[in-house]
Amino acid sequence: MMPPDIAMRNAMLDLQKGRYREAIGAFQMVWGNDHAPAMMRSDALSNAAVCHLRLHDWKSAEDSARAAVEMDPTHVDAWFNLAGSLKEQGQVLDALHAFRKVCELHPQRMDGWRYRAELAEGLGLWEEAADAWSVVYQKMANGRAFEGRIVCMVHAGKAPLVDEETALYLDQHKTENLARYLRVLVLSDLQRFDEAVVLTHKMHGPAVDQLVAWVLIHAGYLIEACERIKGLPESARAHALRIMAAEGPQVIERIADARTYLSAPRKDNPQDIADLHFRLARIAEERSTPAAAMQHYDAAHRIMAVSQPFSEEGHHQLDTWIRRRPWLQLAPVAHGDGPQWIFIVGMPRSGTTLLEQILDMHPAFHGAGELHDMATVAQRYYATGNGEAVLQACDAFSRKASNLTPRAAWCIDKMPHNFVHAGMILHLIPRARVIWCRRNRMDNCTSIYRQHFRGIHPYAHDLGTLGRYFRWHEEVMEGYREDYPQRVLEVSYETLVDDMPGTVTGLLRSLGKDWDPACARFYENPRRILTASHGQVNKPIYRDAVGSWKRYRDYVEPLLLEEAVMSDSANESQRR
C-alpha cells in the first residue's frame, strides 16, 4: 500500500488540477488507511468532500464531510464543506447549524460569517443575521454587509438602534441609491412616513418600488403608490400592497387575486407568503368570518414553523438550567444610588405595552422600551457559564438607568420574555422589581396565534405547543414569585382594563409612589410604540379583547385541551 503522505500529496495534486474523480480515489486510500494519522485522515475526508462539491454530488459531499467532523470535531474546513453540501440539498437549517460551528471554531473566517448571515436572513432569523452581518462589516466594511445588517436590524424590530447610523450614512453618501434606500427603510419602520416620502422621488427599481409604494400608501399618496405598484412583478408582497392601496369595490377584487395567487406553490420568500396570509386573516376577521381567518392563520404558521422550529429538546435543556438556578452561586452587584430598574414581563399580548405606557406618564417612571441587554446576558451565561462576564454586564446595566433617566426613580425595561430570566435578574440586581403581566390563557394564547411578530416565537406556530409553553411560563414565574414574594408584583390584564386607576394605584403604592392623573391620559403619550400593541395604547382603555377567544372556540381545540389539563392540575393541587 502506498504510504499515506505520498497518497495525500498525489490526491492534492489531482484536486488542484481539477481531476476530481482521481483525487477522490486517492483521498480514499488515505482515509481508509488505519495507520495514517487521524488528522491526515480527516483532512482526506474533508478534501474528498470538496471534490464531490465540485462534481455537484451533494450527498456524497455530505457523507464525506460528516465523516470528517465525526473523526475530528474541530476540523473547520470539514464543517464548512458539510454546511455547503447541506445548503445545496435544501437543508438550510442544518446548514446554518454547521456554519455556526465554523464561526465558533474560527471566528476570523469571514466566508463562514457571510454564509451564516445569508442563511439566517433567508430563514427570518433576523437578530442572528444582523449580528453575523455586523461581524462581516466590521472586518470588511463592504456595502453588502452594511445593507444586510441594516435590513436585518429593521426586521428584528431594532430600527431605533440604526436611526442615527443610517442618517449619517446618507449624509456621507448623498448620491448613493443604497444610502437612500436604507434610510427610507428605517424611517418607514419608525412610522416617520412624512420624512421618508421626501427621499423617494429619485428611487426606482423592482425592490425599491415595493418599499416606495409602502411609504406612499402610509403617507396618503394612493395614486402615486398605485403607479409604483403597477410595475411590480407578481409576488406575495405586491399582492399585499395592492390590497393596502385598493379602495371601494377594488378591495374585493384584490383579495380574490391574492387568494388565487396563494392557491399554487410559489417561490416567494416564505416570510412574504406568511405575511400575506396574516393580512388576509385580518380582513376575514373584520368581515366576521373566523373560519376563513383561522385558515389563513394556520397556513401562515405552517410556513413559519419551517424556519422557526420549536425544539422540545432545547426547551427541556433550558428548563433544567432554570430550575438549577446557577446564578445563585454569583454575588449580586453593588447597589446604585440612581434610578432603579423595573422589568415588565409576561407572555406577549398580556398587557405589557399598555402598562408601560401608563407608568411612563408618571413623573417617577421612565419607559425605556424593549431592551435586549438582559436577554443577551442570560443567553451568554447559559451557553458559556462565564459568571464573571455576567456580573460585569449586570453592573453596567444597573448603571445604565442613570444615563437613560437621571431624574426618575424607576426605569422600565419592558421585554416580555425576560420572564425566563427574571430569577437571575432579581438575584443579581438586588433593588430591581419585576412586574408580571397576566392574562386569561385562552385570550392570551389566541391573541398570540393571531399575531405576526417581528421576532422569533417558535412556540407560537402550533396551538398545542403554545398552550404548553403558556403553562410553562406560569410555572416559571410562580417559582420566582415564591423566591422573591416582595419583589415580584402581578398585574391582571382583565383587572387593568376593568379598573385602570384602582389597579395602577395599588401597583404604585407597592413601589412607594402615589397615583398621578397623567396616568389616565396614557393614550396621549408621545412615545413611539412599535410593538404589536400600538393600536391599543394610542386610544383610551377598551374591553373588547376580554373574552375575544370565544369567537374562535370552534378552531382552537388544542388550547381547550391544555385549558382542561390546567384545570385538572389545579383541582388536584387543591385536593392535596
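For this chain, numbers begin at 1 and follow the sequence in order. Just so it is clear, the structure is predicted and the values come from calculations on it, not from any experiment.
Asp268 places no side-chain N or O within 3.5 Å of a backbone atom of Ile273 that could act as its donor or acceptor partner. Side-chain atoms of Asp462 come within 3.5 Å of backbone N or O of Thr465 as a donor-acceptor pair. Side-chain atoms of Ser492 come within 3.5 Å of backbone atoms of Thr495 as a donor-acceptor pair (strictly under, hydrogens ignored). A donor-acceptor contact shorter than 3.5 Å is absent between the side chain of Ser447 and the backbone of Asp443. The backbone N or O of Val197 sits less than 3.5 Å from a side-chain atom of Thr200, completing a donor-acceptor pair. Formation of a donor-acceptor pair under 3.5 Å by the Thr289 side chain with backbone atoms of Ala284 is found in this model.
Not less than 6.0 angstrom separates the ring centroid of Trp79 from the ring centroid of His75. Aromatic rings of Trp436 and Phe343 (six-membered ring for Trp) have centroids beyond the 6.0 Å cut-off, not under it. Taking the six-membered ring where the residue is Trp, the centroids of His457 and His417 are separated by under 6.0 Å. Taking the six-membered ring for Trp and the full ring otherwise, Tyr469 and His315 have centroids separated by under 6.0 Å.
A distance of 14.5 Å separates NZ of Lys87 from CG of Leu93, quoted to the nearest 0.5 Å. Atoms CG and CG, on Leu354 and Leu496 in that order, are 5.0 Å from each other to the nearest 0.5 Å.
The cationic atom of Arg551 (NZ for Lys, CZ for Arg) does not lie both less than 6.0 Å from the six-membered ring centre of Trp549 and within 45° of the ring axis.
For the residue pair Glu227 / Tyr221, no side-chain donor-acceptor distance below 3.5 Å is found, with atom types taken as modelled. Side-chain contact check for Tyr449 and Asp298: at least one donor-acceptor pair (N or O, by modelled atom type) lies under 3.5 Å. Side-chain N/O atoms of Glu234 and His239 include a donor and acceptor closer than 3.5 Å. With 3.5 Å as the limit, one finds a donor-acceptor pair spanning the side chains of Tyr552 and Glu285. Side chain to side chain, Arg149 and Ser134 meet the donor-acceptor criterion of an N or O pair below 3.5 Å. No side-chain donor-acceptor contact under 3.5 Å links Glu147 and Trp133. For Gln191 and His218, the side-chain atoms include no donor-acceptor pair closer than 3.5 Å.
Of the residues Arg144, Arg114, Arg116, the one that meets the salt bridge (Lys or Arg N to Asp or Glu O under 4.0 Å) test with Glu121 is Arg144.
Proximity of Val546 to Asn440: side-chain heavy atoms (C-beta onward) are nowhere separated by under 4.5 Å. Met347 places none of its side-chain heavy atoms less than 4.5 Å from the side chain of Cys437. In this structure, the side chains of Glu62 and Leu82 come closer than 4.5 Å at one or more pairs of heavy atoms. The shortest distance between side-chain heavy atoms of Arg438 and Tyr493 does not fall below 4.5 Å. In this structure, the side chains of Arg109 and Phe80 come closer than 4.5 Å at one or more pairs of heavy atoms. Counting heavy atoms from C-beta outward, Lys158 and His372 have side chains that approach closer than 4.5 Å. Residues Gln210 and Ser235 meet the side-chain proximity criterion, which asks for heavy atoms closer than 4.5 Å. By the 4.5 Å heavy-atom criterion applied to side chains, Ile303 and His461 are not counted as neighbours.
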task: Starting from the C-alpha separation in whole Å, work towards a yes-or-no answer on salt bridge (charged side-chain N to carboxylate O under 4.0 Å, His left out) for Arg183 and Asp163.
output: CA-CA 8 Å; Arg183 184 62 184 148; Asp163 184 10; 2.7 Å; yes

task: Under the salt bridge (charged side-chain N to carboxylate O under 4.0 Å, His left out) rule, what do Arg254 and Asp257 come out as? Steps first, then yes or no, please.
output: CA-CA 5 Å; Arg254 295 290 179 255; Asp257 290 343; 3.7 Å; yes

task: Please lay out, stage by stage, how Glu104 and Lys101 fare under the test salt bridge (charged side-chain N to carboxylate O under 4.0 Å, His left out).
output: CA-CA 5 Å; Glu104 174 190 333; Lys101 194 69 177 178; 3.6 Å; yes

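Residue Asp111 qualifies as enclosed at atom CG: its count of foreign heavy atoms under 6.0 Å is above 12. The environment of CZ in Arg380 is sparse: at most 12 heavy-atom neighbours from other residues, nucleotides or ligands sit within 6.0 Å. Within 6.0 Å of OH in Tyr115 there are 12 or fewer heavy atoms belonging to other residues, nucleotides or ligands. Residue Gln89 places its CD atom among more than 12 non-hydrogen atoms of other residues, nucleotides or ligands, all under 6.0 Å distant.
Sorted by first and then second residue, the pairs that involve residues 313-323 and meet salt bridge (Lys or Arg N to Asp or Glu O under 4.0 Å), not counting sequence neighbours, are Asp319-Arg323, Arg323-Glu475.
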